[in-house]
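Here the structure is laid out as structure tokens; the discussion comes afterwards.
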2 protein chains.
Amino acid sequence: MQPRIRENYVKAIYKLCQKNKEGAYTNDIALALQVKAGTVSESLKKLSEEGFIVYYKHRAVKLSAKGQQLALRIIRRHRLWEVFLVEKLGFGWDEIHPMAEELEHIDFDQLTDRLDVFLDKPSVDPHGDPIPDKNGKLSKVNYRNLTACSLHEYVSMVGIENHQPSFLQLLDQLGLRLGTKLLIKEIIPFDGSMLVKIGKKEFYLSKTVSENILVGPHKE
Amino acid sequence: MQPRIRENYVKAIYKLCQKNKEGAYTNDIALALQVKAGTVSESLKKLSEEGFIVYYKHRAVKLSAKGQQLALRIIRRHRLWEVFLVEKLGFGWDEIHPMAEELEHIDFDQLTDRLDVFLDKPSVDPHGDPIPDKNGKLSKVNYRNLTACSLHEYVSMVGIENHQPSFLQLLDQLGLRLGTKLLIKEIIPFDGSMLVKIGKKEFYLSKTVSENILVGPHKE
DNA sequence: ATTTAATTTTAGGTAAACCTAAATATTTTA
DNA sequence: TAAAATATTTAGGTTTACCTAAAATTAAAT
């Protein structure tokens, strides 16, 4: 199996496993990779023979230890390149995904590790997602969903749950970036929206928006 | 035809055309890409249909305008990434080729152009090879072969004609890098070797070595 | 507990990039 | 300039990743 294709399967399975504890379903993998279910079935057999997944016919698949290792290597590369693109080249966080999607497949340990050092060993990418270290270890970010916060809480944005450019652009408009502090001024029971103070301005955030915002205690 | 494969053919043809004015021969392309001649024949037909080459059966091929444009885009990306790897990540000039060989295929104009700016629009790569600009224009480097220099000339290294790691490592040992000044102290007629002064030391360079060194007038 | 619905797998096919080896061109040499 | 040597192309095959559609399995609903 071609490395790039293998990597895309492993990455897709990794992400699906984070949602469904059961594992990744054939159809969902097919959707993620934009291929047909039959193709996925074939590929799963090969990935299984290669030892990257644990696979029983008609069951959701999981990554083996070897598969997880690979997934974390890809994610590490993806997120490091994202930091590079934003910090060094000045791209917006809404523009970088497609480029990182290519760069993540470039597989030279030296390159990844030196990039890491060059970027000052960042712990999170521009979206707040943690970057696995050289050994595949993921630091845990302390976060809650914004909708889980109470009135008058003063919190700091640490991540997001939606990476669509349109969502990222909305956050830009609101002045919401990683580390931005926000105060919950009001919670509207009717539609779950909330009034928040960001910097000097106040905005209503729809429930759909706040559901996709992750916050943590803001350290001063 | 898959972009990566097309790019590798176009690049190989570009390089072969620089040596043979006639064009690139099937067998040489096959050698460069490590495939069989029959495969090359097939591919040439496709590249021709796609308009990247000018091809008549049993004749050496040349790049069309479109093909040259593509070649220069790839070379631009390759050389910019090489600068990045050396200047920013601290790799040696003997280590970077394989990585640049992958990075060169990542095709986002914005990425290339921002990388260019980030690196201060370099005009040459770490080996002294010129970097095409955004429009595919190649600046000409003023150079002569070291073997063409006369006794007592004082010149500056501006490039090399051999990119093998072992050659680059030898130059490192001699303290020869881009911009290094060298004085020709003696020319040995017997074997064409020469005694040169590099910094404070003197070395004999075999003809094979000096043949691969390009020098220019050293500007102070 | 069947039947129905949904999901997954299998079977048979296609296209791209490779291969080998035979056939055809071209070039070189005698 | 004809034969020999070299280079290129063509013809027929293989493999991989994809496809469609039928068959099989599992899950859901009556």
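In what follows, every chain begins at residue 1, and chains take the letters A, B, ... in the order their sequences are listed. Since the structure is predicted, the reported quantities are computational estimates derived from the model, not experimental observations. Atoms considered below: every heavy atom in the structure, side chains included; atoms not considered: hydrogens, waters and symmetry mates.
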Round to a whole Å and report the spacing from [atom1] of [X] to [atom2] of [N].
{"X": "B:Met1", "N": "C:dA15", "atom1": "CE", "atom2": "P", "answer": "17 Å"}
{"X": "B:Tyr9", "N": "C:dA16", "atom1": "OH", "atom2": "P", "answer": "14 Å"}
{"X": "A:Glu22", "N": "C:dT8", "atom1": "CD", "atom2": "P", "answer": "13 Å"}
{"X": "B:Arg4", "N": "C:dA16", "atom1": "CZ", "atom2": "P", "answer": "19 Å"}
{"X": "A:Glu49", "N": "D:dA17", "atom1": "CD", "atom2": "P", "answer": "12 Å"}
{"X": "A:Lys46", "N": "D:dT16", "atom1": "NZ", "atom2": "P", "answer": "7 Å"}
{"X": "A:Leu31", "N": "C:dT8", "atom1": "CG", "atom2": "P", "answer": "12 Å"}
{"X": "B:Leu47", "N": "C:dA16", "atom1": "CG", "atom2": "P", "answer": "13 Å"}

Quiz item: Does A:Lys36 make a side-chain N or O approach to OP1 or OP2 of D:dA21 shorter than 4.0 Å?
Solution: no
Exercise. Using a cut-off of 6.0 Å, state whether more than 12 heavy atoms not belonging to A:Lys11 lie near its atom NZ.
Key: yes
Quiz item: Would one find more than 12 heavy atoms of other residues, nucleotides or ligands at under 6.0 Å from atom OH of B:Tyr143?
Solution: no
Quiz item: Salt bridge between B:Lys45 and B:Glu50, side-chain N to carboxylate O under 4.0 Å?
Solution: no
Exercise. Indicate yes or no: does B:Arg77 engage B:Glu7 in a salt bridge with an N to O separation below 4.0 Å.
Key: yes
Practice problem: Would you kindly check if the NZ (Lys) or CZ (Arg) of B:Lys88 is within the cone defined by 45 degrees around the ring axis of B:Phe118 and under 6.0 Å from the six-membered ring centre? | Solution: yes
Quiz item: Tell me, for nucleotides 2-13 of chain D in 5' to 3' order, what letter each nucleotide earns: B for a base near a protein heavy atom under 4.0 Å, S for only sugar-phosphate near one, - for neither?
Solution: -----SSBB---
Quiz prompt | NE2 on A:His78 to CE on A:Met99, rounded to 0.5 Å | solution = 10.5 Å
